[in-house]
Structure formats: structure tokens, C-alpha cells
Amino acid sequence: MAKTVWFDMDGTLYDLYNIPNWLERLEEKDEGVFYHGTMMYNPFRIEQAIDALIAHGWQVGVITWAPKGVEKDDPFFAKVENIKRFWLKRFYPALLENFYCLPYGESKSVCACDHWKERSLDPDMGVQILVDDNMLVRDEWASGWESHFKTIDATEDYTKQLEGLVM
């Protein structure tokens, strides 16, 4: 059975919202706002949990959004996607194997389904867990997908929940 943990980046792995003037910087198309922030919660424990998940046969990845109003054909979209990849390479490189940057508001659950259909030989979708700080995204993720799609609330330190999956 397939098992995947998907991470959001902004407000989940990456502390975007504590960067001074983060929204103004995004409106000015300053992709550096996605580079200079810190990791959220306990990065050492998160990295250990990611490694344990992989060791126990889980897939891990990232489904993140570009800033609001930035479409895929906008050159700023590619800059954001690249700098998010670069940040992950520095801190959580295991997550790069399954990395998706979507236009703001695009369904993360549809992205996960498409990923599973394209890459999995297993006919059972298994468990798909999204770690995200956005309640509306978590609600959309969990709705209509029966028991396959579960969420972890990243508005609080989620390391114990992550560790509880395999440790």
C-alpha cells in the first residue's frame, strides 16, 4: 500500500510569515523572501522523522503554492519555484524527489492524485497525509477522498504527530 506525507512550505517548513514585510516583498516580486527565512519548529526532529518515514517505505514530498496572482507563465513563478527548490536542497533535500509548485489556490489533493497515477504501480492509493498550516487547504484535502487523505495541522508544532507515523 502506498503511503505518502506531503509538506506545505510557507508556514509549515519555512517561516515566511515572520519575515519583516513579507507580503510587500511578494507584491514587489522579491523572490528572496523565500530564501532568508528560518525553518519552523524543530528542524532536526522533522528531518529525523522524514528519514524514518523513508526508511519505513513512505514517500515524502512537497506541494507548495506560488504567491497569489502569479501564474505559471509569469517569469516570477519560475524564480519562486527555483528558490523554493534551492531552500529545500539546503535543509530538507529528501523532499525534492517529489516537489510540486502550484499556482496559488490550485488543489493540492488533485496534484497528489495526479502524482500517484503517474508514478505508482500500486493500484491502492493508500494513505496520503498533508502537513499544512492552512485550514481551508486541509479541509479541501480531506473532503471527498474517503479514508485515503488525512491531514496534520501545522499551525502548531507537528513533530510528534510526524514521528508517531513511524517512530
Q: May I ask you to check whether W87 and Y14 place their ring centers less than 6.0 Å from one another?
A: yes
Is there side-chain contact between [X] and [Y], with at least one heavy-atom pair below 4.5 Å?
X: P93; Y: L88; result: no
X: F76; Y: E31; result: yes
X: V80; Y: V70; result: no
X: L130; Y: F149; result: no
X: W58; Y: L165; result: yes
X: V60; Y: I54; result: yes
X: F34; Y: P67; result: yes
X: M39; Y: D15; result: no

Which value, rounded to the nearest 0.5 Å, describes the distance between [X] atom [atom1] and [Y] atom [atom2]?
X: Y158; Y: T151; atom1: OH; atom2: OG1; value: 13.5 Å
X: L95; Y: I46; atom1: CG; atom2: CD1; value: 10.0 Å
X: Q161; Y: K150; atom1: CD; atom2: NZ; value: 13.0 Å
X: I19; Y: E24; atom1: CD1; atom2: CD; value: 12.0 Å
X: D132; Y: I63; atom1: CG; atom2: CD1; value: 9.5 Å
X: K79; Y: K84; atom1: NZ; atom2: NZ; value: 16.0 Å

Which pair of heavy atoms, one from [X] and one from [Y], lies closest together, and at what distance?
X: Y35; Y: R90; answer: CE1-NH1, 2.9 Å
X: E71; Y: P103; answer: OE1-CB, 4.2 Å
X: V166; Y: A49; answer: CG2-O, 4.5 Å
X: R25; Y: P20; answer: CD-O, 3.9 Å
X: Y92; Y: L13; answer: CE1-CD2, 4.0 Å
X: A154; Y: Y41; answer: O-OH, 2.8 Å

Q: Would you tell me whether D133 and T12 have side-chain atoms, one donor and one acceptor, within less than 3.5 Å of each other?
A: yes
Q | Residues E106 and W65: side-chain donor-acceptor under 3.5 angstrom | A | no
**Q.** Lys/Arg N to Asp/Glu carboxylate O, E163 vs R45, below 4.0 Å
**A.** yes
Q) Honestly curious: do M135 and Y104 fall in one hydrophobic cluster under the side-chain, below-4.5 Å linking rule? A) no
Q) Under the side chain to side chain donor-acceptor pair (under 3.5 Å) test, which residues partner D74, sequence neighbours left out? A) K29
Q. Looking at V62, I152, N98, which hits side-chain contact (heavy atoms from CB on, under 4.5 Å) with W6?
A. N98
Q.
If you apply the rule side-chain contact (heavy atoms from CB on, under 4.5 Å), what do you find for W22 with L26, and how did you get there?
A. CA-CA 6 Å; W22 68 270; L26 286 179; 3.8 Å; yes
Q: Could you go through the side-chain contact (heavy atoms from CB on, under 4.5 Å) check for F99 and T64 one step at a time?
A: CA-CA 8 Å; F99 174 87; T64 186; 4.1 Å; yes
**Q.** Verdict with supporting geometry, F77 and C101, side-chain contact (heavy atoms from CB on, under 4.5 Å)
**A.** CA-CA 9 Å; F77 186 98; C101 187; 4.0 Å; yes
Q | side-chain contact (heavy atoms from CB on, under 4.5 Å) evaluation trace for L53 with K3 | A | CA-CA 9 Å; L53 286 162; K3 300 177 286 186; over 6 Å; no
